[in-house]
Every structure is written in structure tokens, then in C-alpha cells.
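First the structure, in the form of C-alpha cells, and then the observations on it.
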Amino acid sequence: MFLHLGNGISVRTNEIIMINCYDLFKNEAGQKFLDSGKNQGNLVNTLAIGSKSSADELIKSIIVTDKKIYLSAISPLTLMRRSRRGFYTLDSDKNDLE
């Protein structure tokens, strides 16, 4: 399954380690984590280029995979619902076959 993070970027759900609120990463430790990812070239911003508001206002969630860190304008709750819906669909299809 894939999870759409916004602006045409999707990731495999089995690669996702964490989906969390971006506000939790605005402290010093969180910024160090994001800066480290940026310095290593592993930070991906899924916001549309040329957004009128500042990026910090638009970023709602952070998605950590085994290879990259993604910043998304989609809320963590919405992303979690999307990822679970895919799993429930797969489970219900499996039960229909038995």
C-alpha cells in the first residue's frame, strides 16, 4: 500500500516508522533532528513550491520512514486514517475470499 503525503508524493506504508504532529518538532531537540535530516539530504518537503504562507504555518505533520523524513501539509490524523483504511480494505477483501 502507498500513502499519499501531498503534492504528488507517496510512500510505502510498510516503510513508515512514525507519523506525528509537526508542532512537537519545533523545540530544540526536534529542530536538531530535522537539521540532521536536511544536512544528510533526507528531508523532503511535500509543500507546493511558491506557497504564499510561511512553510512553518502550512506544515502539519512529519512522517519518518526508514530512508527519509517528510514534511506534509496534511494533518497526522488524516494520514493515519488513510493508512488504516487501506489495511481494513485489504483485510475485508481477504475475508470475502474465504
Side-chain angles (χ1 to χ4, degrees):
M1 289 292 302
F2 287 90
L3 180 62
H4 180 257
L5 305 179
N7 204 25
I9 297 175
S10 298
V11 296
R12 289 184 177 271
T13 53
N14 64 350
E15 293 177 356
I16 296 174
I17 297 169
M18 173 185 74
I19 298 175
N20 220 322
C21 182
Y22 177 70
D23 290 339
L24 297 174
F25 287 81
K26 289 185 177 180
N27 62 18
E28 187 177 340
Q31 285 302 311
K32 284 183 182 180
F33 175 73
L34 294 175
D35 289 342
S36 172
K38 186 175 183 178
N39 292 337
Q40 294 174 6
N42 295 332
L43 186 66
V44 178
N45 191 343
T46 67
L47 300 178
I49 297 173
S51 299
K52 293 182 181 179
S53 300
S54 74
D56 273 352
E57 291 176 10
L58 295 175
I59 299 171
K60 294 182 182 173
S61 60
I62 181 169
I63 302 90
V64 178
T65 68
D66 53 356
K67 297 177 185 167
K68 297 206 181 272
I69 302 166
Y70 297 89
L71 304 176
S72 177
I74 302 172
S75 76
L77 183 59
T78 300
L79 291 172
M80 291 297 291
R81 285 181 184 161
R82 287 181 183 179
S83 67
R84 288 182 182 151
R85 182 177 45 199
F87 288 118
Y88 291 141
T89 302
L90 289 175
D91 289 342
S92 64
D93 291 345
K94 182 179 175 184
N95 291 334
D96 291 341
L97 295 175
E98 293 178 353

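Only heavy atoms go into these numbers, but all of them, side chains included; no hydrogens, no water, no symmetry mates.
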Working to the nearest 0.5 Å, report the span between [atom1] of [X] and [atom2] of [Y].
{"X": "D23", "Y": "I59", "atom1": "CG", "atom2": "CD1", "value": "10.0 Å"}
{"X": "F2", "Y": "R12", "atom1": "CZ", "atom2": "CZ", "value": "4.0 Å"}
{"X": "L34", "Y": "K26", "atom1": "CG", "atom2": "NZ", "value": "11.0 Å"}
{"X": "L79", "Y": "R81", "atom1": "CG", "atom2": "CZ", "value": "11.0 Å"}

Donor-acceptor pairs are to be reported for all side-chain atoms of residues 61-76 against protein atoms at under 3.5 Å, with residues two or more places apart or in another chain.
from : atom 1 : to  : atom 2 : distance (Å)
S61  : OG     : I74 : O      : 2.6
T65  : OG1    : K67 : N      : 3.3
T65  : OG1    : K68 : N      : 2.9
T65  : OG1    : K68 : O      : 3.0
S72  : OG     : L5  : O      : 2.5
S72  : OG     : I74 : N      : 3.1
S75  : OG     : T78 : N      : 3.2
S75  : OG     : T78 : OG1    : 2.9

When clusters are formed by joining ILVMFWY residues with side-chain heavy atoms under 4.5 Å apart, either directly or through shared neighbours, do I16 and V44 land in the same one?
yes

Count I, L, V, M, F, W, Y as connected when their side-chain heavy atoms are under 4.5 Å apart, and connections chain through other members. Are M18 and L77 then in the same cluster?
no

Does any pair with a residue in residues 26-45 pass ring-ring contact (aromatic ring centres under 6.0 Å, His included), and if so which ones, sequence neighbours excluded?
F25-F33

Is the side chain of R82 donor-acceptor paired with the backbone N or O of H4 at a distance under 3.5 Å, no angle test?
yes

Using the side-chain contact (heavy atoms from CB on, under 4.5 Å) criterion, which residues pair with N39? Sequence neighbours excluded.
none

Counterpart residues, side-chain contact (heavy atoms from CB on, under 4.5 Å), relative to E28 (two or more places apart)
K32

Which residues pass the side chain to side chain donor-acceptor pair (under 3.5 Å) test with S10, sequence neighbours left out?
none

Report the residues that fulfil side chain to side chain donor-acceptor pair (under 3.5 Å) with N42, sequence neighbours left out, ordered by chain and then residue number.
Q40

Taking all atoms of both residues into account, what is the closest heavy-atom pair of I19 and M80, and its distance?
CD1-SD, 3.7 Å

